[in-house]
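These numbers were taken from a predicted model, which means no experiment stands behind them. By convention in this document, chain letters (A, B, ...) are assigned in the order of the sequence lines, proteins followed by strands, and residues within each chain are numbered from 1.
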Amino acid sequence: MTEKVRVRFAPSPTGYLHIGGARTALFNWLWARHTGGTFVLRIEDTDQSRSTKQAEEAIYEGMRWLGLDWDEGPDKGGPHGPYLQMERLDIYKAHAEQLIKEGKAFACYCTKEELDAGRKKAEAAKVQFRYPGTCREKPYDPSKPHVIRFRVPETGSTGWNDLVKGRIDTPHDTLQDEVILRSDGVPLYNFGAVVDDVTMKINLVARGDDHVNNTARQILMYQALGYPVPHFAHLPMILGADKARLSKRHGATSVIAYRDMGFLPEAVVNYLVRLGWSHGDQEIFTLDELVKFFDFKDVGATAGVFNPDKMTWVNHEWLRKLTPEKHAELALPFFKAAGMDAALDAKLVKITALGQERTKTLVELATWGRYFYLPIELDPKAKAKFLVPDTKPLLQAVRDGIAGMETLEEKPLEALFNDVAAARALGLGKIAQPVRVALTGGTASPGIYDVIILLGKATSLQRLDDAIALCG
RNA sequence: GACCCCAUCGUCUAGAGGCCCAGGACGCCGCCUUCUCAAGGCGGAAACCGGGGUUCGAAUCCCUGUGGGGUCACCA
């Protein structure tokens, strides 16, 4: 391929951008950026009953969030537009007419009912239904209701060298004269995609491998139209844990849902690209590295199971790379959404800094940090174990110590805890745990001095008093 | 059912005939560190789908069985 790479992502706007689509878009985008080529976004909205403007917007939103920018597209324009299929009807019509004129396509006047009857009969006879060629030789009469069918050869086969799957050949006898233009003039997928790809000068088609069975018939159309055939790369499917194709019942499949769950786009991209592609033993990649390293030759041929646990780990890795300030900035909306009166200030920065090693998503971070902003939720088991008569004097001693401090600093607090422990010949844990329960409601938190400092004197004293009262 | 694709630890994968009694990562388990939780360090269990070939030698090549996935529309 010496020509400049032109690839595309061509979703149909029938729902949000899902994980599988995002990965297809990502691989195309990476290859365009890797080669200095062009990434085209085309919206395949010919199924008017299922396509919506909202879905179209949702796709843009998902792509933008992931950072996959397109060079040509519906909103952006470009030299080969329009990029919305419903605005290209005349282009399909012209191409279909050319095929009719050359005898490579023909009008079919069969009704849907007639065809369904044939299909039913074939099913009963347990054979595969193929269009019987009823109208193959009939003269073209545009005044009668009709669809346009593409004439496929009866014998021989068509194949291509797939960039990820290698050589694939499809015998023509498994194909049929399929409909390329519906009676209302709207093209069907295979024709629309071919006409668009040729007119948009796409020279590499990378898409899900659920399209391998469409490829031979599309190649036949390229040839019939007299256009060069692009290269193809068929990407393996993404599966759920049960090895069935990933769908809603496996959990969230919308890219945006992961944003809302507190994932970073870098992490989603990183995880998605590694699902089906690898570069030695490396797991964490920046976008720049991906652009540099990505190649279809390293894309595997096997379907992969989507693993939320690993994506969460990748997210944690990315979260940890953030500066505390940036982390806080990204976390703020999640704290607010969880009902906390947080602001982008030193307190939040410190909290998120402490949470950075401890939480794997921004949602988890906000939940984890609740007690810094909201009243504690006392864990009954923790209370039963640590807020008891035995610990009352310890809490009291710590309380009094804190009460006597002008400002809260780590060293004096540490001295205080050590003194309280030493005075009773107890380990530090015996003091820290009850205090932790008093201050946070549970038995797990950052270092106890950090917690006290962050909570501040008034709140710390208040919570200790409340706890002391509960010790019975 | 027909046609097509695929097949290494539970999962993502490395492996392009000898470097592999198979390496990394997630998850899981244990130990260390320790005021708890994380993080970190160390260690562990865990795979070449079965059967035939080819070859001095196969996870790697071929055939076949099996399994999984995909496609069979006036959907995309």
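Distance check on atom C1': B:A45 versus B:G30 gives 11 Å, rounded to whole Å. The same atom, C1', is picked in B:C4 and in B:C56; the two are 38 Å apart, to the nearest Å. Taking atom P in both B:A2 and B:C48, the straight-line distance is 31 Å, to the nearest Å. When the P atom is used for both B:C63 and B:A7, the distance is 14 Å, rounded to whole Å. Between B:A59 and B:G50, the distance separating the two P atoms is 11 Å to the nearest Å. Rounded to whole Å, the separation between the C1' atoms of B:A58 and B:G15 comes to 12 Å. With both ends at atom P, the span from B:C6 to B:A14 equals 15 Å, rounded to whole Å. Rounded to whole Å, the P atom of B:A47 lies 26 Å from the corresponding atom of B:C62.
The A:Ala444 side chain lies nearest to B:U36 when the options are B:A76, B:U36, B:A2. Minimum atom distance to the side chain of A:Asp210 is reached by B:G70, of the listed B:C72, B:C26, B:G70. Here B:G69 is the nucleotide among B:G23, B:G69, B:C75 with the atom lying nearest to any side-chain atom of A:Met237. Distance from the side chain of A:Lys112 is smallest for B:C74 among the nucleotides B:U11, B:C74, B:C5. Picking from B:A73, B:G10, B:G27 the nucleotide with the shortest atom distance to the side chain of A:Asn307 gives B:G10. Comparing B:A76, B:U36, B:C6 by their nearest atom to the side chain of A:Ser445 picks out B:U36. Side-chain proximity of A:Asn213 to the nucleotides B:G10, B:C4, B:G27 is greatest for B:C4. Set against B:G69, B:C6, B:G27, the side chain of A:Arg245 has B:G69 as its closest nucleotide. The side chain of A:Thr443 approaches B:U36 more closely than any other nucleotide in the set B:C12, B:A25, B:U36.
Pair assignment for B:U34: none, as no Watson-Crick or G-U wobble contacts are both less than 3.5 Å. The partner of B:G27 cannot be assigned: no Watson-Crick or G-U wobble pair with both contacts below 3.5 Å exists in any strand. With a cut-off of 3.5 Å on both Watson-Crick or G-U wobble distances, the partner of B:G18 is given as B:C56.
Residue-level contact check: A:Pro11 touches neither bases nor backbone, having no heavy atom under 4.0 Å from any strand. A:Val147 comes within 4.0 angstrom of a base, heavy atoms only.
Contact check, A:Arg119 against B:A73: a side-chain N or O comes under 4.0 Å of OP1 or OP2. Checking the phosphate oxygens (OP1, OP2) of B:A14, a side-chain nitrogen or oxygen of A:Ser278 falls inside 4.0 Å. Considering only side-chain N and O atoms, A:Thr46 lies under 4.0 angstrom from the phosphate OP1 or OP2 of B:A76. For B:A76, the OP1/OP2 oxygens have no side-chain nitrogen or oxygen of A:Arg42 closer than 4.0 Å. Taking 4.0 angstrom as the limit, A:Arg182 places none of its side-chain polar atoms (N or O) nearer than this to OP1 or OP2 of B:A73. Taking 4.0 angstrom as the limit, A:Lys243 places a side-chain polar atom (N or O) nearer than this to OP1 or OP2 of B:U11. Between A:Arg320 and B:G40, a side-chain N or O to OP1/OP2 separation shorter than 4.0 Å is present.
Rounding to the nearest 0.5 Å gives a distance of 7.0 Å between CD of A:Glu178 and CG of A:Asn214.
Here B:A39 presents its P atom at 15 Å from CG of A:Leu354, a figure rounded to the nearest Å. For the pair A:Trp313 CH2 and B:G24 C1', the computed distance is 10 Å after rounding to whole Å. Atom-to-atom, CD1 of A:Ile238 to C1' of B:U11 comes out at 14 Å; the value is rounded to the nearest Å. When the C1' atom of B:G27 is taken as reference, atom CD of A:Glu283 falls 13 Å away, rounded to whole Å. To the nearest angstrom, C1' of B:A2 lies 13 Å from CG of A:Leu175. In this structure, CZ of A:Phe191 is placed 13 Å from P of B:A76, rounded to the nearest angstrom. Rounded to whole angstrom, the span from the CD1 atom of A:Ile43 across to the P atom of B:C75 amounts to 19 Å. Between A:His18 atom NE2 and B:A76 atom P the separation is 15 Å, expressed in whole Å.
For the ring pair (Phe, Tyr, Trp, His ring centres under 6.0 Å) criterion with A:Tyr271, the lone passing option out of A:Trp313, A:Tyr258, A:Phe306, A:Trp277 is A:Phe306.
More than 12 heavy-atom neighbours from other residues, nucleotides or ligands sit within 6.0 angstrom of NZ on A:Lys321.
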Under the salt bridge (Lys or Arg N to Asp or Glu O under 4.0 Å) criterion, do A:Asp196 and A:Arg8 qualify, and how do the steps go? CA-CA 10 Å; A:Asp196 286 343; A:Arg8 47 65 160 190; over 6 Å; no
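Judged purely by atom type and a 3.5 angstrom limit, A:Lys350 has no side-chain atom pairing as donor or acceptor with the backbone of A:Asp450.
One can find a donor-acceptor pair under 3.5 Å joining the base of B:A25 and the side-chain atoms of A:Lys310. On a pure distance criterion of 3.5 Å, a polar donor-acceptor pair joins the side chain of A:Ser183 and the base of B:C74.
Under the 6.0 Å distance and 45° angle rule, A:Arg217 does not count as a cation-pi partner of A:Phe150. In this structure, A:Lys165 forms no cation-pi arrangement with A:Phe232, as its terminal cationic atom is not both closer than 6.0 Å to the ring centre and no more than 45° off the ring axis.
Side-chain contact of A:Thr134 with A:Arg149: a donor-acceptor pair under 3.5 Å is absent, judged by distance alone.
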